[in-house]
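Given the structure is predicted, the values throughout are model-derived calculations rather than measurements. Each chain gets a letter, A, B and so on, in the order its sequence line appears, and its residues count up from 1.
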Protein chains: 2
Amino acid sequence: MALPDRSTTDRTDPPRRRLSRAEQRELTRERLLDAAADVFNRLGYHGASLDAVAEAAGYTKGAVYSNFATKGDLFLALLQRYAVSRARVQGEAIMALPFDKLGEYASRALADQARAQEGWDLLQIEFWLAAMRDPVLRETLAGGSAEVWDELGEQIDRKFAEAGRPIPFTGMEFAKLINALGTGLLINLYIDPDFIEPELFERATRVLLGLPAERGSAD
Amino acid sequence: MALPDRSTTDRTDPPRRRLSRAEQRELTRERLLDAAADVFNRLGYHGASLDAVAEAAGYTKGAVYSNFATKGDLFLALLQRYAVSRARVQGEAIMALPFDKLGEYASRALADQARAQEGWDLLQIEFWLAAMRDPVLRETLAGGSAEVWDELGEQIDRKFAEAGRPIPFTGMEFAKLINALGTGLLINLYIDPDFIEPELFERATRVLLGLPAERGSAD
DNA sequence: GTCTATACACGGATAGAC
DNA sequence: GTCTATCCGTGTATAGAC
């Protein structure tokens, strides 16, 4: 299709010289990653061909291989760029909320997720699958998240202190439960949007926190 | 490897004649499915080659194609054979349990699952992924489970009646929540076996049911 | 009518030209 | 550092042996 617009590089272009080799390489790499994000999102990891990625970026297959060792390597770089620690973002949001609004926030996050992030969710799952059959990737996935959970757990513990009564979970336990529940619900919601009422997730969260949970229309 | 042991077919062999064409075909189909179960489990859908499946069954690739339209078709037949309604099995188990043992059962089921079913879980996820990108498969997946959830929900509703006090969920809601929570936890446990303490799932289940839940070692 | 043998297309990967 | 040419493996399809 259209070649990448060279003019977009102007902002990083000093007036005196053209791009250095390193800069040029970085630029190509970024273009390839952008194209890969689009192609992988649309076709999935296995469905996407490196030819398609290269063409979308305005290069040929060889350019891909000179920047990434393998298809899997490109995929990894992509996910890494995306994983700007969504958990951290959520952590900050949680700290800004009063204790009894946690369920509401979680519920809304789930709905947003289902609406906007479908492609990324699929790629996450595909990466998970690959990791399940590749010990090295598995290690990567397992090792990288411990600190994130620790931090998130601590923040929630501080929120729990607001409650003024015992909660049956530690902050980290609660974070992991909500994350797992959200993941499981999303998997089903993607296939069947009517799998649950939207408010069920919030109600479950309130019950887990020991907050009053009126059962709405059900039964 | 070793050719299939022909003698194992004797039990279905009437003394008067050899196998009819239909029987022979059915036998080949079963052997191919058995081999496919093994190969797909070990290598995953994309990782498995039809050559490998055929060889494991003692045939060549053409035999596969004369019994199944495509690789995806073989995969579907495999999942169908496996999906002997695990939900129904669980439903029966649940009915045999007193109300306050539901959490314990769910917890044990999760542990068993993680131990014995890893390969199948991966295949389920791969199928889910395929369905997410194929409208026909998606329909199949969404449509096939409604009755199962209905039935399971009813059974749990009857259990809830034993409790003698209101539960904040319908039986079906509870079933879906537990299923989603279990799925999400499993996904993480497969990557990191220490993701949660084994008893956390049971504790969460008890909290959702409003049962007393002592917080064990934590904090 | 079932399976073997073979052909073809496509995608990941590599080597070498420029 | 990018691109062309090429190799190999695998899904797909078909012709023909039995």
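When heavy atoms are screened at a 4.0 angstrom cut-off, A:Ala48 is found touching the sugar-phosphate backbone but no base atom.
Taking atom CG on B:Asp73 and atom C1' on D:dA13, their separation rounds to 15 Å, with Å as the unit. Atom CD of A:Glu55 is separated from atom P of D:dT4 by 12 Å (rounded to the nearest Å). Rounded to an integer number of Å, the gap from CG of A:Asp51 to P of D:dC3 is 12 Å. Put simply, OH on B:Tyr45 is 15 Å from P on D:dT10, counting in whole angstrom units. If you take CG of B:Leu32 and C1' of C:dC3, they are 11 Å apart, rounded to a whole angstrom. Rounded to a whole Å, the CZ atom of B:Arg29 is 12 Å from the P atom of C:dC3. Atom P of nucleotide C:dG1 and atom CD of B:Glu26 are separated by 17 Å, given to the nearest angstrom. Atoms NE2 (B:His46) and P (D:dT10) sit 15 Å apart, rounded to a whole Å.
Comparing D:dT12, C:dT2, C:dG12 against the side chain of A:Leu50 picks out C:dG12 as the nearest. Of the candidate nucleotides C:dG12, C:dC3, C:dA13, C:dC3 has the atom nearest to the side chain of B:Gln24.
With sequence neighbours excluded, the residues that form a ring-ring contact (aromatic ring centres under 6.0 Å, His included) with A:Trp149 are B:Phe195. Evaluation of the salt bridge (charged side-chain N to carboxylate O under 4.0 Å, His left out) rule for B:Glu202 yields no partner, not counting sequence neighbours. In this view, A:Glu104 and A:Arg108 satisfy the salt bridge (charged side-chain N to carboxylate O under 4.0 Å, His left out) rule, not counting sequence neighbours. Shown here are the ring-ring contact (aromatic ring centres under 6.0 Å, His included) partners of B:Tyr45, two or more places apart in sequence or in another chain: B:Phe40, B:Phe75. When the side chain to side chain contact (heavy atoms under 4.5 Å, CB included) test is applied to A:Ala130, the partners found at least two apart in sequence or on another chain are A:Leu137.
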Between protein and nucleotides 16-18 of chain D, what N or O pairs are separated by less than 3.5 Å?
none

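Residue pairs satisfying the salt bridge (Lys or Arg N to Asp or Glu O under 4.0 Å) criterion with at least one member in residues 37-52 of chain A, sequence neighbours excluded, are listed as follows: A:Asp38-A:Arg42. Pairs passing the salt bridge (Lys or Arg N to Asp or Glu O under 4.0 Å) check and including a residue from residues 60-77 of chain B, sequence neighbours excluded, do not occur.
With a 6.0 Å radius and a threshold of 12 heavy atoms from other residues, nucleotides or ligands, A:Glu139 has its CD atom at or below the threshold.
Proximity of A:Thr28 to the phosphate of D:dG1: no side-chain N or O atom is located under 4.0 Å from OP1 or OP2.
Non-hydrogen atoms lying under 4.0 Å from DNA chain C are contributed by A:Lys61, A:Tyr65, all within residues 60-69 of chain A.
A salt bridge links B:Arg81 with B:Asp34: the distance from a Lys NZ or Arg NE/NH1/NH2 to an Asp or Glu carboxylate oxygen falls below 4.0 Å.
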